[in-house]
S.K.: 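Below: one structure in structure tokens.
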Amino acid sequence: VQLQASGGGLVQAGGSLRLSCEASGRTFSTWAVGWFRQAPGKGREFVAAVSGSGGPTRYRDSAEGRFTAFRDNGNHKVYLQMNSLKPEDTAVYYCAIDTLVIPGGAPAVRDYEYEYWGQGTQVTVSS
């Protein structure tokens with residue numbers, strides 16, 4: 001499984017960015033895909049996760065109402081639409097895949113549950 005994240009950049013506070021994550025793999029539609037981020041000097045933290053077909057999406061509290069994660073299984077892509085960005089959202093964002101999922105179940109929020117990781121994409125929000 002290979003992952004490719006893209007879409008990061010520099011944006012002013014209040015602006016928007018859409019990150020995308022493209023993955024290889026025949027059974028992509030059944031996998032959970034998570035978004036995590038790591039700011040300088042901080043640990044990696046959960047942002048959002050999209051379950052496989054039919055399951056729920058989960059967000060960290062600070063992302064609720066501002067970020068939307070969704071997937072396009074036909075193109076093997078998952079997106080993270082980020083609106084109302086704040087300087088504290090500045091970080092390197094990573095997408096990851098969890099193949100060991102229960103169909104219809106909620107996606108994992110702990111990074112160690114994800115087996116495959118893409119390279120990060122930098123998001124910088126200026127004040």
S.K.: Is Tyr94 reachable from Leu80 through a run of I, L, V, M, F, W or Y residues, each pair having side-chain heavy atoms under 4.5 Å apart?
M.R.: no
S.K.: Which heavy-atom pair separates Ala91 from Ala39 by the least distance, and what is that distance?
M.R.: CB-N, 3.8 Å
S.K.: Report whether Val92 and Val11 are members of the same hydrophobic cluster (ILVMFWY, side-chain heavy atoms less than 4.5 Å apart, transitive linking).
M.R.: no
S.K.: NZ/Lys86 to OG/Ser62 distance, rounded to the nearest 0.5 angstrom?
M.R.: 7.0 Å
S.K.: Check the pair Val123, Met82 against side-chain contact (heavy atoms from CB on, under 4.5 Å), reporting the backbone distance first and the verdict last.
M.R.: CA-CA 10 Å; Val123 171; Met82 304 187 295; 3.9 Å; yes
S.K.: Atom CZ in Arg37, atom OG1 in Thr121: separation rounded to 0.5 Å?
M.R.: 14.0 Å
S.K.: Report yes if the side chains of Val1 and Trp117 come closer than 4.5 Å at any heavy-atom pair, otherwise no.
M.R.: no
S.K.: Considering non-hydrogen atoms only, spot the tightest contact between Ala69 and Val50 and give its length.
M.R.: CB-CG2, 3.4 Å
S.K.: Sub-3.5 Å donor-acceptor pair from the side chain of Ser24 to the main-chain atoms of Gln2, do we have one?
M.R.: yes
S.K.: Distance check, rounded to the nearest 0.5 Å: Tyr114 atom OH versus Ile97 atom CD1?
M.R.: 10.0 Å
S.K.: Carefully, step by step, assess Asp89 and Phe67 under the rule side-chain contact (heavy atoms from CB on, under 4.5 Å).
M.R.: CA-CA 11 Å; Asp89 294 317; Phe67 294 3; 3.9 Å; yes
S.K.: Should Phe46 and Trp35 be counted in the same cluster of Ile, Leu, Val, Met, Phe, Trp and Tyr side chains packed under 4.5 Å apart?
M.R.: no
S.K.: May I ask you to test the Phe28-Arg71 pair for a side-chain heavy-atom distance under 4.5 Å?
M.R.: yes
S.K.: Are Tyr93 and Phe36 joined in one hydrophobic group, where the rule is that I, L, V, M, F, W and Y side chains link up if heavy atoms are under 4.5 Å apart?
M.R.: no
S.K.: Answer yes or no: is there a side-chain heavy-atom contact under 4.5 Å between Glu115 and Asp98?
M.R.: yes
S.K.: Under 3.5 Å, is there a donor-acceptor pair linking the side chains of Ser20 and Glu22?
M.R.: no
S.K.: Look up atom NE2 in His76 and atom SG in Cys21, then write down how far apart they are to the nearest 0.5 Å.
M.R.: 12.0 Å
S.K.: Does any N or O in the side chain of Arg58 come within less than 3.5 Å of the main-chain N or O of Pro107, such that one atom is a donor and the other an acceptor?
M.R.: yes
S.K.: Which pair of non-hydrogen atoms, one from Gln81 and one from Ser16, has the smallest distance, and what is that distance?
M.R.: NE2-CB, 4.0 Å
S.K.: Both conditions, 6.0 Å and 45 degrees, for the charged tip of Arg66 above the ring of Tyr59: are they met here?
M.R.: no
S.K.: Could you report the tightest heavy-atom contact between Ala23 and Leu3, atom names first, then the distance?
M.R.: CB-CD2, 3.3 Å
S.K.: In this structure, would Tyr79 and Leu19 fall into the same cluster of hydrophobic residues linked by side-chain contacts under 4.5 Å?
M.R.: no
S.K.: Measure the spacing between CZ of Arg44 and CZ of Arg110 and express it to the nearest 0.5 Å.
M.R.: 14.5 Å
S.K.: Is there a side-chain contact between Gln122 and Thr90 (heavy atoms, below 4.5 Å)?
M.R.: yes
S.K.: Do the side chain of Ser51 and the main chain of Pro56 share a donor and acceptor less than 3.5 angstrom apart?
M.R.: yes
